[in-house]
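As the structure is a computational prediction, the values presented were derived from the model and not from experiment.
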Amino acid sequence: MYHVRFRMISCALALLGSLAIPVDGYAAEDAQWLLQTSLYTKHFHADLDHNDKQNLLGLEYQRADRWVVGASVFDNSFHQPSQYFYFGKLFRPLEAAPLLHLKLTGGLLHGYKNEYRDKIPLNSYGIAPVIIPAIGLSGKHVSGEINLFGFAGVIVTIGVLF
C-alpha cells in the first residue's frame, strides 16, 4: 500500500514543481511553499468508527497571485490511507487584518473504500470530487487553518512557509 502512496506523492510533487515555473507577469520570489500537518480533528456527529487523528502531511505551492495547488496524505475518518490533490485560491479579504486569510480548494479525494465507500458523495469509482473551505492566519513563516470537510467536521492544521 505504501508504494501506491509513494507513487501518488511523486506524481503530485512533479505537478507542483511544474507549476513553480515563473510565467509572464509573475514574480517567482513572491511564491512560497507550505508544509503542513494536522493538529486537531472534530467530527460533528459522534461515531465510534470515526478517526480523529488524521496524521495529515500536506505540501502546497502558493503562487504570488494567490492561486494554490497541493497534495496531502492522511488517514481518513475510517482509518484508511487517503490522498487529496487540489487547486484553489487564497484570499486576504481585510486590509485591517493582513494575517487573516480565506482559502477555497477543490480537487480529487481518494481512499474511501469497501464499506466506507459511500460515506462521501460521488465516490462511485473510488475517487470523489471535493471542495474544502478554510479560514486561517498566516505570517511570514507560519500558517494555521481551520478546514471544513463537508458536513462531517473540521480539521485544524499548522504549517511552515518557505
Side-chain angles (χ1 to χ4, degrees), residues 1-21 31-45 47 49-63 65-92 100-138 142-162:
M1 179 54 86
Y2 286 101
H3 68 283
V4 172
R5 186 178 271 191
F6 177 76
R7 285 184 192 162
M8 294 185 93
I9 292 171
S10 298
C11 290
L13 290 174
L15 172 65
L16 291 172
S18 69
L19 291 172
I21 298 169
Q32 58 189 357
W33 292 89
L34 171 64
L35 180 63
Q36 62 185 346
T37 190
S38 54
L39 291 179
Y40 174 80
T41 301
K42 178 67 177 167
H43 286 83
F44 296 140
H45 305 288
D47 185 332
D49 288 337
H50 280 162
N51 169 30
D52 282 335
K53 295 193 181 355
Q54 271 55 58
N55 299 315
L56 180 137
L57 182 61
L59 182 64
E60 178 177 284
Y61 181 70
Q62 300 177 347
R63 291 173 38 133
D65 59 5
R66 298 192 180 141
W67 284 99
V68 301
V69 62
S72 60
V73 293
F74 59 97
D75 296 328
N76 70 27
S77 297
F78 303 99
H79 304 274
Q80 298 173 315
S82 298
Q83 306 81 36
Y84 176 47
F85 300 98
Y86 63 91
F87 68 95
K89 184 81 172 180
L90 184 80
F91 303 92
R92 298 215 181 259
L100 177 71
H101 70 261
L102 303 175
K103 185 164 54 175
L104 185 64
T105 65
L108 298 175
L109 175 64
H110 172 262
Y112 284 77
K113 298 176 182 176
N114 304 323
E115 68 269 24
Y116 304 111
R117 185 170 156 183
D118 294 327
K119 293 291 185 175
I120 55 173
L122 305 172
N123 191 34
S124 57
Y125 296 104
I127 298 175
V130 295
I131 295 174
I132 307 285
I135 185 169
L137 295 172
S138 55
V142 178
S143 180
E145 293 179 344
I146 299 171
N147 298 269
L148 181 66
F149 53 95
F151 297 107
V154 296
I155 185 167
V156 177
T157 62
I158 191 159
V160 292
L161 294 159
F162 57 98

Enquirer: Which heavy atom in I132 sits nearest to a heavy atom in L148, and how many Å separate them?
Expert: CG2-O, 3.6 Å
Enquirer: For atom NZ of K42, is the number of surrounding heavy atoms from other residues, nucleotides or ligands below 6.0 Å larger than 12?
Expert: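 At most 12 heavy atoms, drawn from other residues, nucleotides or ligands, come within 6.0 Å of this atom.
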Enquirer: To the nearest 0.5 Å, what is the distance between CG (L90) and CZ (R63)?
Expert: 13.0 Å
Enquirer: Walk me through whether H50 and F44 qualify under ring-ring contact (aromatic ring centres under 6.0 Å, His included).
Expert: CA-CA 10 Å; H50 280 162; F44 296 140; over 10 Å; no
Enquirer: Answer whether the closest heavy-atom distance between the side chains of Y84 and T105 falls below 4.5 Å.
Expert: yes
Enquirer: Is the ring centre of F91 less than 6.0 Å from the ring centre of H101?
Expert: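 No, the ring of F91 stays outside the 6.0 Å limit from the ring of H101, centre to centre.
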Enquirer: Looking only at heavy atoms, which two atoms of L34 and K103 are closest? And how far apart?
Expert: CD2-NZ, 4.3 Å
Enquirer: Which atoms form the tightest heavy-atom contact between Q80 and Y112, and what is the distance?
Expert: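 Looking at all heavy atoms of both residues, the shortest contact is OE1-CA, 3.5 Å.
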Enquirer: Would one find more than 12 heavy atoms of other residues, nucleotides or ligands at under 6.0 Å from atom CZ of F162?
Expert: yes
Enquirer: Which value, rounded to the nearest 0.5 Å, describes the distance between Y40 atom OH and T157 atom OG1?
Expert: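 Output value for this atom pair is 14.0 Å.
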Enquirer: So, taking the atom named CG in L102 and the one named CD in E145, what distance separates them when rounded to the nearest 0.5 Å?
Expert: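 Between atom CG of L102 and atom CD of E145 there are 10.0 Å.
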Enquirer: For atom CZ of F87, decide whether the heavy atoms of other residues, nucleotides or ligands shown that lie under 6.0 angstrom number more than 12.
Expert: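 No, the 6.0 Å shell around CZ holds no more than 12 heavy atoms from other groups.
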Enquirer: Which value, rounded to the nearest 0.5 Å, describes the distance between D52 atom CG and I155 atom CD1?
Expert: 9.5 Å
Enquirer: Shortest non-hydrogen contact from N76 to S82?
Expert: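 N76 and S82 have their closest heavy atoms at ND2-OG, 3.0 Å.
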Enquirer: Are L137 and V142 packed together at the side-chain level, in the sense that at least one heavy-atom pair is separated by less than 4.5 angstrom?
Expert: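 L137 vs V142: side chains apart.
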Enquirer: Does I131 CD1 have over 12 foreign heavy atoms under 6.0 Å away?
Expert: no
Enquirer: Looking at A71 and Y86, what are the two nearest heavy atoms and their distance?
Expert: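 Heavy atoms only, the tightest pair is N-CE2, 3.6 Å.
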Enquirer: Any donor and acceptor pair, going by atom type alone, linking the side chain of N123 with main-chain N or O of R117 inside 3.5 Å?
Expert: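 Such a contact is found between N123 side chain and R117 backbone.
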Enquirer: Any idea which heavy atoms bring S143 and S138 closest together, and the distance?
Expert: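 Between these two residues, the closest heavy atoms are OG-CB, 3.6 Å.
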Enquirer: Between atom OG1 of T37 and atom CG of L35, what is the distance when rounded to the nearest 0.5 Å?
Expert: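 Nearest 0.5 Å value for the OG1-CG distance: 8.0 Å.
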Enquirer: So do K89 and W67 actually touch side chain to side chain, heavy atoms under 4.5 Å?
Expert: yes
Enquirer: If I take atom CD from residue Q62 and atom CD from residue Q32, how far apart are they, to the nearest 0.5 angstrom?
Expert: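 Those atoms lie 5.0 Å apart.
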Enquirer: Check whether any side-chain heavy atom of S77 lies under 4.5 Å from a side-chain heavy atom of H43, and answer yes or no.
Expert: yes
Enquirer: When D75 is tested against each of T41, N51, N55 for side chain to side chain donor-acceptor pair (under 3.5 Å), which residue passes?
Expert: N55
Enquirer: Apply side-chain contact (heavy atoms from CB on, under 4.5 Å) to residues V130 and L122 and explain how you reach the verdict.
Expert: CA-CA 9 Å; V130 295; L122 305 172; over 6 Å; no
Enquirer: For a quick check under 3.5 Å, do S38 and Q54 share a side-chain donor-acceptor pair by atom type?
Expert: no
